[in-house]
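As the structure is a prediction and not an experimental result, all values here were calculated from the model. Heavy atoms only: backbone and side chains are in, while hydrogens, waters and symmetry mates are out.
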Amino acid sequence: MTAPVRLTWAQPEDLVGHELRQAAQDGRDATPVAQRWRAAGGLPAPERAGASPGPADPALRALAARLLDELATLPSPLAKDEPTELDAVRAACPDWPGPRAEVVGPPGGGPTTSGDPALERRLHAAWLGRAVGCVLGKPVEKLPLDGIRAIARSTGNWPLRTWFTERGLDPAVAAAHPWNRRSRATSLAENIDGAPEDDDLNFPLLALLLLDRHGHGFGTADVARLWLDELPAGRVFTAERIAYRNLLDGIEPPHTARYRNPFREWIGAQIRADVHGWTHPGDPAAAATAAWRDATLTHTGNGVYGAMFAAAALAEAAGGGADVESCLRAGLSVVPARSRLAHAVRHGVELARAEPTGGAEGFATVVDQLHATYAGHHWVHVLPNAALLAAALTHAGGDFSGSVCRVVSGGWDTDSNGATAGSLTGALAGSPGALPRHWTDPLHDRLRTSVAGFDGVSFAALAARTAAHAAPPPSAGTTAPTTAPEPAATAATSQEATA
């Protein structure tokens with residue numbers, strides 16, 4: 001008998017536990033729902049994988065769907081401090097950069113400016129840095145913190161300073177902490193041959209396609225259509241998979257982010273933010289606004305803020321003349337000051353500054369404190385990962401190697417955090433030649449991907465293409481709109497009415 005298909009990150013019986021955990025973190029009282037779920041035989045959310053081992057009883061699955069809808073009606077006491085609508089987000093940011101507005105590109109898409117060699121060099125380094133950090137984190141993705149440390153120590157690579165390897169790895173450690181299965185063959189020191197495919201690298205490619213087709217005037221619906229045209233459903237995970245399913249069910253954005261989506265405050269939108277930052281050099285507000293339009297397809301609240309924070313920080317770095325502290329300030333300036341995301345970033349920065357040694361070995365104590373603080377969060381949730389990213393960047397002072405190694409050695413979403421840290425510090429480094437060759441040489445300036453038209457593309461070519469879309473910062477006093485108009489929504493489905 002053929003084994004049943006267990007679609008990860010999508011089955012109602014697997015979503016209830018995640019929504020119950022999110023409810024607790026939001027301050028929503030879900031105790032009666034949790035009791036009903038347990039009494040019916042419902043299980044907690046899978047801790048590491050995206051699906052429970054076997055299919056649920058049909059009655060339990062039906063109950064799960066009803067409970068997800070019931071949980072969505074519970075009010076959160078944090079809602080006033082964590083809005084999702086852009087005007088409310090801006091109002092909650094006392095340091096929002098301004099007065100600057102977003103440049104809207106030509107109606108048919110296409111580049112806005114080009115011909116800045118310094119920007120192209122910074123973006124080449126940022127692309128390479130993103131790939132390096134992603135590949136460094138891939139083989140230990142999903143591993144617990146003690147597993148990452150045990151592997152690194154067993155191979156003489158602790159504190160982490162270079163690629164992971166199987167050479168010299170104690171068999172007992174290998175058995176206790178197996179590599180990420182899909183990445184073992186492509187992301188260890190002995191087998192890296194170009195940058196392998198990863199969703200953390202696919203999404204920036206899709207963002208370039210988005211700008212090719214719509215320019216900087218794209219709307220959230222344009223992102224949705226691009227995904228349906230170019231992105232196989234099997235290449236998306238967590239909130240992105242839920243939103244994709246919702247689109248196929250006829251649900252329109254922004255309800256795609258809200259309907260039965262317990263992953264709406266996870267890290268997925270943040271990994272899509274880089275191109276929005278890179279193509280608004282020196283203009284964090286415009287970068288954050290573009291990231292908001294992308295992120296609200298799949299995320300709400302802190303999940304959206306993670307994307308806005310990353311885009312603004314990267315815009316600051318792409319503009320040249322910045323340092324890591326100014327980038328983090330730019331990122332925080334577009335995040336509601338009373339939100340949990342802002343608190344997480346500030347907490348990470350404060351812990352890093354308070355660590356007395358300043359060395360890589362000492363950073364482990366910062367990581368331990370962060371893991372204690374966020375012990376109840378899933379490893380893909382945006383909050384612990386944002387705190388770790390900010391801590392690593394601060395502790396390493398924006399140094400490229402120090403930043404990617406610290407953030408990956410801290411666990412949680414290792415490849416996503418490594419990618420963002422590498423992107424930012426690559427841009428700060430200023431050129432590909434400023435990055436250590438032991439990181440960049442194995443990539444052979446080549447990226448593998450299933451995104452049509454990009455497989456085998458060079459990072460140099462990607463940098464040139466990205467720089468061609470760079471929008472000049474508008475002058476003070478510009479009154480251009482900060483959001484592009486969305487097409488009229490179709491009538492809401494009955495499912496949307498419950499979202």
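For the pair Ala364 and Arg149, the tightest heavy-atom approach, listed with the atom from each and the gap, is O-NH2, 3.3 Å. Pairing each heavy atom of Val334 with each of Pro97, the nearest pair is CG1-CD, 3.8 Å. The shortest heavy-atom contact between Ala273 and Ala310 is CB-CB, 4.1 Å. Nearest heavy-atom pair across Ala337 and Pro94 is CB-CD, 3.9 Å. For Pro12 against Ala65, the heavy-atom pair with the smallest separation is CB-N, 4.1 Å. The two residues Pro253 and Ala224 have their closest heavy-atom pair at CG-CB, 4.4 Å.
Side-chain contact check for Val89 versus Tyr305: some heavy-atom pair is nearer than 4.5 Å. Under the 4.5 Å side-chain criterion, counting only non-hydrogen atoms from C-beta, Val367 is in contact with Leu388. Side chains of Thr298 and Arg272 form a contact here, defined as non-hydrogen atoms less than 4.5 Å apart. Between Glu316 and Leu328, the closest side-chain pair of non-hydrogen atoms is not below 4.5 Å. Between Leu351 and Leu370 the shortest side-chain heavy-atom distance falls below 4.5 Å. Between Leu297 and Trp227, the closest side-chain pair of non-hydrogen atoms falls below 4.5 Å. Taking the side chain as every heavy atom from C-beta outward, Leu341 and Leu383 approach each other to under 4.5 Å. Val451 is listed as a side-chain neighbour of Leu209, based on a closest heavy-atom distance under 4.5 Å.
Look at Arg264 and Glu19 and you find a salt bridge, because one of the NZ, NE, NH1 or NH2 atoms lies within 4.0 Å of a carboxylate O, short of that distance.
Side-chain N/O atoms of Thr84 and Arg258 include no donor and acceptor closer than 3.5 Å. Between Asp368 and Thr365, the side chains place no donor N or O within less than 3.5 Å of an acceptor N or O (distance only, hydrogens not considered). Side-chain contact check for Ser409 and Trp158: no donor-acceptor pair (N or O, by modelled atom type) lies under 3.5 Å.
In this structure, the side chain of Arg293 engages the main chain of Phe218 through a donor-acceptor pair within 3.5 Å. Distance alone, capped at 3.5 Å, is enough to place a donor-acceptor pair between the Ser339 side chain and the Pro336 backbone. Using a distance-only test at 3.5 Å, with no hydrogens or angles considered, a donor-acceptor pair links the side chain of Glu82 to the main chain of Arg340. Here the side chain of Arg235 pairs no donor or acceptor atom with the backbone of Asn202 at under 3.5 angstrom. Ser76 contributes a side-chain N or O that, together with a main-chain N or O of Asp26, makes up a donor-acceptor pair within less than 3.5 Å. In this structure, the side chain of Asn246 engages the main chain of Thr256 through a donor-acceptor pair within 3.5 Å. In this structure a side-chain-to-backbone donor-acceptor pair under 3.5 Å is missing from Ser423 to Ala419. Not one N or O on the side chain of Trp9 forms a donor-acceptor pair closer than 3.5 Å with the backbone of Ala51. Formation of a donor-acceptor pair under 3.5 Å by the Arg28 side chain with backbone atoms of Leu71 is found in this model. Put simply, the side chain of Gln25 gets close to the backbone of Gly376: a donor and an acceptor are under 3.5 Å apart.
Considering only residues two or more places apart in sequence or on other chains, Arg66 meets the side chain to side chain contact (heavy atoms under 4.5 Å, CB included) condition with Ala62, Leu63. His124 is linked by a ring-ring contact (aromatic ring centres under 6.0 Å, His included) to nothing, counting only residues two or more places apart in sequence or in another chain.
To the nearest 0.5 Å, atoms CG (Leu393) and SG (Cys327) are separated by 8.5 Å. Here the straight-line distance linking atom CG of Asp249 with atom NE2 of His255 works out to 14.0 Å at 0.5 Å rounding. For the atom pair Leu86 CG and Thr289 OG1, the distance stands at 5.0 Å (nearest 0.5 Å). Here the straight-line distance linking atom CG of Leu228 with atom OH of Tyr244 works out to 5.0 Å at 0.5 Å rounding. With values rounded to the nearest 0.5 angstrom, Leu20 atom CG is found 9.5 Å from Thr31 atom OG1. Summarising the geometry, atom CH2 belonging to Trp379 is positioned 9.5 Å from atom CG belonging to Leu143; distances are rounded to the nearest 0.5 Å.
Here His371 and Trp412 bring their ring centres to under 6.0 angstrom of each other.
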task: Assess whether side chain to side chain contact (heavy atoms under 4.5 Å, CB included) is satisfied between Val236 and Asp199, documenting all intermediate values.
output: CA-CA 7 Å; Val236 293; Asp199 58 336; over 6 Å; no

task: Please assess Asp87 against Glu85 for the test side chain to side chain contact (heavy atoms under 4.5 Å, CB included), listing each intermediate value before the final yes or no.
output: CA-CA 6 Å; Asp87 287 344; Glu85 293 304 313; 5.7 Å; no

- prompt: Going through the checks in order, is the side chain to side chain contact (heavy atoms under 4.5 Å, CB included) test met by Val404 and Leu160?
  reply: CA-CA 9 Å; Val404 296; Leu160 190 67; over 6 Å; no

task: Start with the C-alpha gap between Thr8 and Arg241, add the side-chain angles, then the distance that decides, and say whether side-chain hydrogen bond (donor to acceptor under 3.5 Å, both in side chains) holds.
output: CA-CA 9 Å; Thr8 60; Arg241 181 164 290 180; 2.7 Å; yes

message: The test is side chain to side chain contact (heavy atoms under 4.5 Å, CB included); show your working for Thr466 and Thr279 and say whether it passes.
response: CA-CA 7 Å; Thr466 308; Thr279 57; 3.8 Å; yes

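Classified by interplanar angle (parallel below 30°, tilted 30° to 60°, perpendicular above 60°), the ring pair Tyr374/His377 is perpendicular. Note: His378 and Trp266 have parallel aromatic rings, judged against thresholds of 30 and 60 degrees for the angle between ring planes.
Screening His18, His381, His299 against Phe263 for a ring-ring contact (aromatic ring centres under 6.0 Å, His included) leaves a single residue, His18.
Other residues, nucleotides and ligands contribute at most 12 non-hydrogen atoms within 6.0 Å of the CZ atom of Arg338.
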Kindly list each side-chain donor-acceptor pair under 3.5 angstrom involving residues 129-140, sequence neighbours excluded, with atom names and distances?
residue	atom	partner	partner atom	Å
Arg130	NE	Asp200	O	2.9
Arg130	NH1	Asp274	OD1	3.0
Arg130	NH1	Asp274	OD2	3.1
Arg130	NH2	Asp200	O	3.1
Arg130	NH2	Ile271	O	3.2
Lys138	NZ	Glu197	O	3.4
Lys138	NZ	Asp198	OD2	2.9

